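The next block holds one structure in the form of structure tokens; read it before the comments.
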Amino acid sequence: MRMTHPLEAFVDDYDILNVYMKRTLFNGESSKFYLKDSKGTISPLTLLEKSFSATDDYTKYRLKLKEEFRVGEEYTLFEEHCRTVPVRYGHIVKTDRFNETYTDTISDLGCYYLPEKTRFRIWSPVASGVLVVLYEEDGSRCFVDMTRKKQGVFETVIEEDLLGTKYHYLIKRNGEIKKINDPFSPFSGPNGKYSVVDNMALLPKPKKYDLPKMKSNCDAIIYETSIRDMTSMPNIGIKHPKTFKGFVEENEVTKEKMTGFSYLKSLGVTHVQLMPVFDFGSVDEENPEIYYNWGYDPVQYRVLEGSYCTNVQDHRCRIEEFVEMVEKLHEAGIRVNLDLVFNHVYDKETNDLDQMVPNYFFLINENGGLSNGSWCGNDIDTRAPVCREYFVRTCKKIIEWFDIDGFRFDLMGILDIETINKIRKMAQEIKPDFMIYGEGWNMPSFVPEHLRASQNNQALMDKVGHFSDSFREAVRGSNGELPNKGYAAGNYEKLGEMSKVLSGELNRYSSPEKVINYVECHDNHTLWDKNHHACLGEDHQTRMKRQALANAITVLAQGVPFIHCGQEFGRSKQNLGNTYNMSDMYNSVNYNRRNDMIYLVEEMRKLIQIRKSRSCFRLSTLEEITAQVKVSNMDNKVCVYSCEDSVSKCVSFFNPSPFEYTYHFEQAHDVLFDNGNKNHGSLNTIKIAPYSAVIVEKKK
């Protein structure tokens, strides 16, 4: 129990009140307690249990109410020394009865604008009163009472044209009045200072383009990048760096230098996964150069990040420029996946959802303790019915507003299975090839393990992908121990694991569509920097070959390949790991380094085209893989990976050793790729150079 005052009282059920007294207040002793409601009626409370906390230095009193607690009523607790404290909402918001009583659909909550009137609706069953505060043009404010409706909804209608009017809500609960923005609105001022009256129907949507058809998720090649990082390097021809607008900016300079969007298009990837683009709290939107952050600290879930637009004072600008960006990506044939952070918030104590209904949207235990499986101090509770509905509908609106093609969920294991399944079902009803995947780590939250959307429960989540830590560990080696080698760095003991991960992990996942194969992402060290430790003493050329080898394994393995921006040229962050707040100097995409390592980039482009043009690398069922994929080895060092479809059979050789090997076929095979430059044309005998990947094909 974390106490902020010497005396605290929480209503934890409809007839139960828990009181906590610090030992510094009358030694934590009180023999009588009373409850006073807003009408002045005072009722004695019955003591059910008294307990002591040796570690936290307080006494806990479990008390029974004479009459049931009336949700939305203001109460004050009195104890025998006439000390008083407002009664706060505790675990009552987690009870089945509360959830059954206050289950209003949230489909029409928020601000709904028409020229002749605007309706405001907010859900706060625990509030004793709510005001909507409108900002006049001269800076003055107008306070409008909202009427309590059924199931804890407050509403008011103002019959004026309020387009562009700034507003916020004042909610009275727990003996306090709290200011909140509208958590249902996409329109916000800089740094969440206020919400703005508007209607998304008045803004343009992305134009529709015919994108290449996807038969399964295995057709995807995902490229993860940051809006800011992609264009933050100086002097690369971008007029609006670090913004949505700059992300898709093209001109003669960017085309000549092959930077930003021009470079992205040249790679041939099918999907770009954008690191968080919705409002986060760690960058000042009005002064974005002061702070750097990846954005995994959400504030407003339906508001786009203002530091990524060119005019944060214009509430429409961030939306219009984001729409334009998505449109240009689609025009280029690239789908857009968004990285969503639904597992925690930047600051629970000031978050609009928590201010609206304290504790309801977060995982807490009966003593008010916060779940911390995210290691960020709080965890979202997606099992709570209105919370689940809020996030499902948020996803729906993102798809409808912005024509998005996929979601990647940060720490998806904090969320629950039912929520992820609802999002997946909703999204794929809109777009059948919509991608849903995330970090399925089994995080230590308050959600029971059998309900977590973790990879341990993958069989309960149809068509939901999970980042494969098995693939990462086999090919890259341990994240935690930098000298720990993976197979691509020369650890031959990983050969057994390679057989499994190249084959879509038949022993672990019910479909290769669920397997997201990666050796590098925004977290931890880049692969190049990790190999600085794992391959200590090896020369630059050898490490380049190891990088290409890891890239080849990632792109060609059964499942869904995931490439972190810059992985294709050995991106370095100066040997630093988690650079989430370490400035542009460490995080910018370095196009000079890209130029120096252009050979690696060209190899990645070839690998991507090989995968896209040959379906044997994109088998989508376990049955196909079982029948059509075989993995063996040579000398317990070289991995031999063969896969076939109705058109051809491809054989890939991955050699992380310093030795050259020879492999003989009865019939000649065409060489598709060889970064050891030992083979050309059509051959019966293949030479596999040290530290190389060789791919050959035999047409049927």
Side-chain angles (χ1 to χ4, degrees), residues 102 104-125 127 129-172 177-190 192-207 279 300-304 306 309 311-324 352-353 355-356 386 389-390 392-403 430:
Y102 302 105
D104 182 75
T105 176
I106 65 171
S107 60
D108 56 354
L109 292 179
C111 168
Y112 180 67
Y113 165 79
L114 293 173
E116 62 272 16
K117 64 181 179 181
T118 297
R119 185 196 66 206
F120 298 90
R121 298 184 86 229
I122 195 83
W123 183 74
S124 185
V130 181
L131 298 173
V132 60
V133 182
L134 306 175
Y135 294 77
E136 304 288 355
E137 290 186 7
D138 62 2
S140 62
R141 294 180 294 172
C142 174
F143 298 82
V144 181
D145 253 319
M146 301 182 73
T147 303
R148 188 181 182 102
K149 301 289 187 178
K150 294 180 179 180
Q151 298 187 332
V153 172
F154 287 79
E155 178 183 300
T156 192
V157 176
I158 300 176
E159 295 184 349
E160 298 178 32
D161 188 343
L162 297 180
L163 184 63
T165 300
K166 303 170 186 176
Y167 72 98
H168 65 257
Y169 297 107
L170 292 178
I171 294 181
K172 185 179 181 183
I177 296 177
K178 293 292 185 178
K179 170 191 171 183
I180 73 165
N181 288 332
D182 193 337
F184 303 95
S185 173
F187 301 107
S188 176
K193 293 177 181 178
Y194 47 78
S195 297
V196 184
V197 176
D198 210 327
N199 191 328
M200 282 295 289
L202 302 177
L203 276 72
K205 290 185 177 181
K207 293 179 184 177
D279 185 36
Q300 298 181 97
Y301 279 106
R302 298 187 182 181
V303 174
L304 290 163
C309 75
N311 182 7
V312 72
Q313 303 301 329
D314 179 354
H315 70 276
R316 286 186 171 186
C317 179
R318 61 185 84 189
I319 296 171
E320 292 168 340
E321 292 179 350
F322 184 78
V323 165
E324 180 184 10
D352 294 330
L353 295 175
Q355 300 290 8
M356 190 167 68
V386 175
E389 186 73 3
Y390 174 79
V392 173
R393 287 193 173 272
T394 295
C395 289
K396 187 172 190 289
K397 289 185 178 296
I398 290 171
I399 299 170
E400 292 173 342
W401 289 339
F402 306 122
D403 198 22
I430 299 173

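Quick caveat, the model's predicted, so the values are computed rather than measured. Values reported hereafter were calculated over all heavy atoms of this structure, with side chains retained and with hydrogens, waters and symmetry mates removed.
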Under 3.5 Å, side chain of [X] to main-chain N/O of [Y], donor-acceptor pair present?
X	Y	answer
Y301	Y390	no
R318	F187	no
W123	Q151	yes

**Request:** Go through the steps to decide whether V386 and Y102 satisfy the test side-chain contact (heavy atoms from CB on, under 4.5 Å), and finish with yes or no.
**Result:** CA-CA 8 Å; V386 175; Y102 302 105; 6.0 Å; no

Could you grab the distance from atom [atom1] of [X] to atom [atom2] of [Y], nearest 0.5 Å is fine?
X	Y	atom1	atom2	result
D182	F120	CG	CZ	8.5 Å
R393	R302	CZ	CZ	8.5 Å
M356	Y169	CE	OH	10.0 Å
L162	E116	CG	CD	11.5 Å
I158	R119	CD1	CZ	13.0 Å
I122	I180	CD1	CD1	4.5 Å

Can you find a heavy atom in the side chain of [X] that is under 4.5 Å from one in the side chain of [Y]?
X	Y	answer
M200	I319	yes
V130	L170	no
Y112	T118	no
V132	T156	yes
E321	L304	no

Taking all non-hydrogen atoms of both residues, which atom of [X] and which atom of [Y] are closest, and how far apart?
X	Y	answer
P183	D352	CB-CB, 4.4 Å
N181	S195	CB-OG, 3.4 Å
S185	V196	OG-O, 4.1 Å
Q300	D279	NE2-OD2, 3.0 Å

**Message:** Check this for me: K179, atom NZ, are more than 12 non-hydrogen atoms of other residues, nucleotides or ligands nearer than 6.0 Å?
**Reply:**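 Above 12, so yes.
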
**Prompt:** Between L203 and R316, is a side-chain contact (heavy atoms from CB on, under 4.5 Å) present by the stated rule, with each step listed?
**Reply:** CA-CA 8 Å; L203 276 72; R316 286 186 171 186; 3.4 Å; yes

**Asked** Relative to the ring of Y135, is the ring of Y194 parallel (under 30°), tilted (30 to 60°) or perpendicular (over 60°)?
**Response**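 Judged by the thresholds at 30° and 60°, the geometry between Y194 and Y135 is tilted.
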
**Message:** Suppose we screen for ring pair (Phe, Tyr, Trp, His ring centres under 6.0 Å). Which residues come up paired with F154, at least two apart in sequence or across chains?
**Reply:**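 Residues passing ring pair (Phe, Tyr, Trp, His ring centres under 6.0 Å) with F154: none at all.
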
**Request:** Using the salt bridge (charged side-chain N to carboxylate O under 4.0 Å, His left out) rule, collect all pairs that involve residues 154-166, keeping only residues at least two apart or in two chains.
**Result:**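 Pairs touching residues 154-166 that pass the test: R121-E155.
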
